[in-house]
2 protein chains.
Amino acid sequence: MPKLGIKPLRRQQLIDATLRSISERGLQNTTIVSISRIAGMSSGIISHYFGGKKELIEATVSYLLDQLQQSLLERITEENPPSHIRLHLIVEANFTEFQRSILATKTWLSFWAMSMHDPAMARLQSINSNRLYSNLLFSFKELLDPESAANAAKQTAAMIDGFWLRSALSENAEQEFIAAELLCKKFINDVIKQEISNASNQI
Amino acid sequence: MPKLGIKPLRRQQLIDATLRSISERGLQNTTIVSISRIAGMSSGIISHYFGGKKELIEATVSYLLDQLQQSLLERITEENPPSHIRLHLIVEANFTEFQRSILATKTWLSFWAMSMHDPAMARLQSINSNRLYSNLLFSFKELLDPESAANAAKQTAAMIDGFWLRSALSENAEQEFIAAELLCKKFINDVIKQEISNASNQI
DNA sequence: TGTTTTTAATTGAACGTTCAATCAATAACA
DNA sequence: TGTTATTGATTGAACGTTCAATTAAAAACA
């Protein structure tokens, strides 16, 4: 009998090792050997559990996407929070402790660059990008007229991604992430305030 | 004697070829051979004019930074435009025809990813990031109080980078870039409008 | 002007290195 | 013992760099 449940364990161990390798050496210098050494296993194990290096990288990115999705779901378990709270929760999910980790940041950046010439990566990237927009749009629509909501959702999504990028590349990333989260929330509050006052003026 | 003043010409030809190679195959698949073939020269030429591949990549990124800077300067040749116009010009500079080109977008993305584990690239990246923020801050300060100006400048910089990133990765990049430019300008207008009405309420 | 000399630009084969993938051998387990 | 998990040496392709040889343009000369 094969060891029970060892396959998902090994796969997760190798994904963790991949994140560490990329955060330490960058994607370009991450090799089959560097990953397997961090995982404390041999180089052949990667082909055995993932078929090849490419599939392991893809699985690692999928893992990051799942983590991001889960960090949002964890926050909305409460019974339907009001829209403006929900918007803040979306922001928070994108600036989680985990999202800020060097493990994650370096991998996200490499992943974005890869998306430009790797169809499989581009597909994952597109799903994630649309998900953020859709989540924001859903909540904004309960507060603003459709066109304003669409604009606000696009602007917020861009601001989140932009702040995330600038923070990740900054020298004192941790402080920048904290400030970024606050400024994203401030933007959301201001948009809602402004649009509501605009609407009341028009009546 | 061989052709005089050919050095700057060849260097630019190789930089152009590097942009094309990265846009076609991605940075990972860009090799000395792929670049020199696009340039119509031999592989040895790169070491001769740049010392090595690394220096050529750095020169290519510097070229992109210069183009970005120049596209802004070209717009502000007029005698001191008013602050809100200047802010729009900054946005426009970041969404130039050239910035939208596949040649540039793929290289920028690879460059960001490289910055995380290449000190020379990180330095270039930091300069560029600060420059955008400083330019925005300068103009916002003429319209808003210092704290509001700093917040607005950070938010605008993030929104520009974020929109740029999302547009570059999008399937119909061209349309997205156009919409992005408009939404960045709209944000700037709204911030100014809102802060001014806030200030008048406080009096 | 026509010829020769000088000079640097350019080539591309060869070299050493690095990497992902493979697979026969071994270890761990049931 | 038989089955699966794991190892790690080996392979061959791909890469950046180097450099002796070649090419062609400019300079010097007559």
Side-chain angles (χ1 to χ4, degrees), chain A residues 1-61 106-107 110-111 113-114 117-118 120-121, chain B residues 1-22 24-61 107 110-111 113-114 117-118 120-121:
Chain A
M1 277 278 283
K3 280 197 216 169
L4 223 64
I6 199 133
K7 196 166 168 183
L9 173 64
R10 288 281 176 275
R11 283 176 64 96
Q12 188 57 47
Q13 286 171 332
L14 286 169
I15 286 172
D16 290 342
T18 305
L19 285 170
R20 276 193 55 198
S21 177
I22 292 176
S23 82
E24 285 169 12
R25 333 165 102 236
L27 179 64
Q28 259 194 330
N29 299 321
T30 286
T31 67
I32 292 260
V33 172
S34 78
I35 295 169
S36 53
R37 284 188 70 135
I38 288 174
M41 309 175 205
S42 79
S43 61
I45 207 75
I46 286 171
S47 294
H48 182 252
Y49 280 114
F50 287 94
K53 186 191 177 189
K54 207 186 162 203
E55 289 92 329
L56 172 55
I57 301 288
E58 283 169 16
T60 303
V61 169
K106 297 214 179 181
T107 309
S110 306
F111 163 50
M114 243 191 300
H117 55 96
D118 183 330
M121 290 291 166
Chain B
M1 278 273 282
K3 279 194 212 171
L4 225 66
I6 199 131
K7 199 165 165 182
L9 174 64
R10 289 282 177 273
R11 283 177 63 97
Q12 188 56 48
Q13 286 172 331
L14 287 169
I15 285 172
D16 290 342
T18 305
L19 286 170
R20 276 193 53 198
S21 177
I22 292 175
E24 285 169 13
R25 334 165 100 239
L27 179 64
Q28 261 194 328
N29 299 320
T30 287
T31 68
I32 292 264
V33 172
S34 78
I35 295 170
S36 52
R37 284 186 72 134
I38 289 174
M41 308 176 204
S42 78
S43 60
I45 208 75
I46 285 171
S47 295
H48 182 253
Y49 279 116
F50 288 93
K53 186 190 178 188
K54 207 186 161 202
E55 288 92 330
L56 171 55
I57 302 288
E58 283 169 17
T60 303
V61 169
T107 309
S110 306
F111 163 49
M114 242 191 301
H117 54 96
D118 183 330
M121 289 291 166

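These numbers were taken from a predicted model, which means no experiment stands behind them.
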Just list the side-chain donor-acceptor pairs under 3.5 Å for residues 41-59 of chain B, sequence neighbours left out, or say none.
from: K53(B); atom 1: NZ; to: T30(B); atom 2: O; distance (Å): 2.9

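Under the rule for a side chain to side chain donor-acceptor pair (under 3.5 Å), S23(A) has no partner lying at least two apart in sequence or in another chain.
Within the model, atoms CD of Q28(A) and OG of S110(B) stand 9.0 Å from one another, a figure rounded to the nearest 0.5 Å. In this structure, CD1 on I22(A) lies 6.0 Å from OG1 on T60(A), to the nearest 0.5 angstrom.
Nucleotide dT7(C) holds its C1' atom 14 Å from the CD1 atom of I6(B), rounded to whole Å. Remark: P of dT10(C) and NZ of K7(B) are 11 Å apart, rounded to the nearest angstrom. As rounded to whole Å, 13 Å separates atom P of dT17(D) from atom CZ of F50(B).
Sorted by first and then second residue, the pairs that involve residues 14-40 of chain A and meet salt bridge (charged side-chain N to carboxylate O under 4.0 Å, His left out), not counting sequence neighbours, are R20(A)-E24(A).
Checked by atom type and distance alone, the side chain of S21(B) never pairs as donor or acceptor with a backbone atom of A17(B) at under 3.5 Å.
The heavy-atom pair separating L14(B) from T18(B) by the smallest distance is O-OG1, 2.7 Å. For M114(B) against L27(B), the heavy-atom pair with the smallest separation is CE-CD2, 3.5 Å.
Residues of residues 41-48 of chain B having a heavy atom closer than 4.0 Å to DNA chain C, listed by number: M41(B), S42(B), S43(B), G44(B), I45(B), H48(B). Residues from residues 26-37 of chain B placing a heavy atom under 4.0 Å of any atom in DNA chain D, listed by number, are T30(B), T31(B), I32(B). Within residues 52-59 of chain B, the residues approached by DNA chain D to less than 4.0 Å at the level of any non-hydrogen atom are G52(B), K53(B), in residue-number order.
Distances shown here put a side-chain N or O of Y49(B) below 4.0 Å from the OP1 or OP2 atom of dT10(C).
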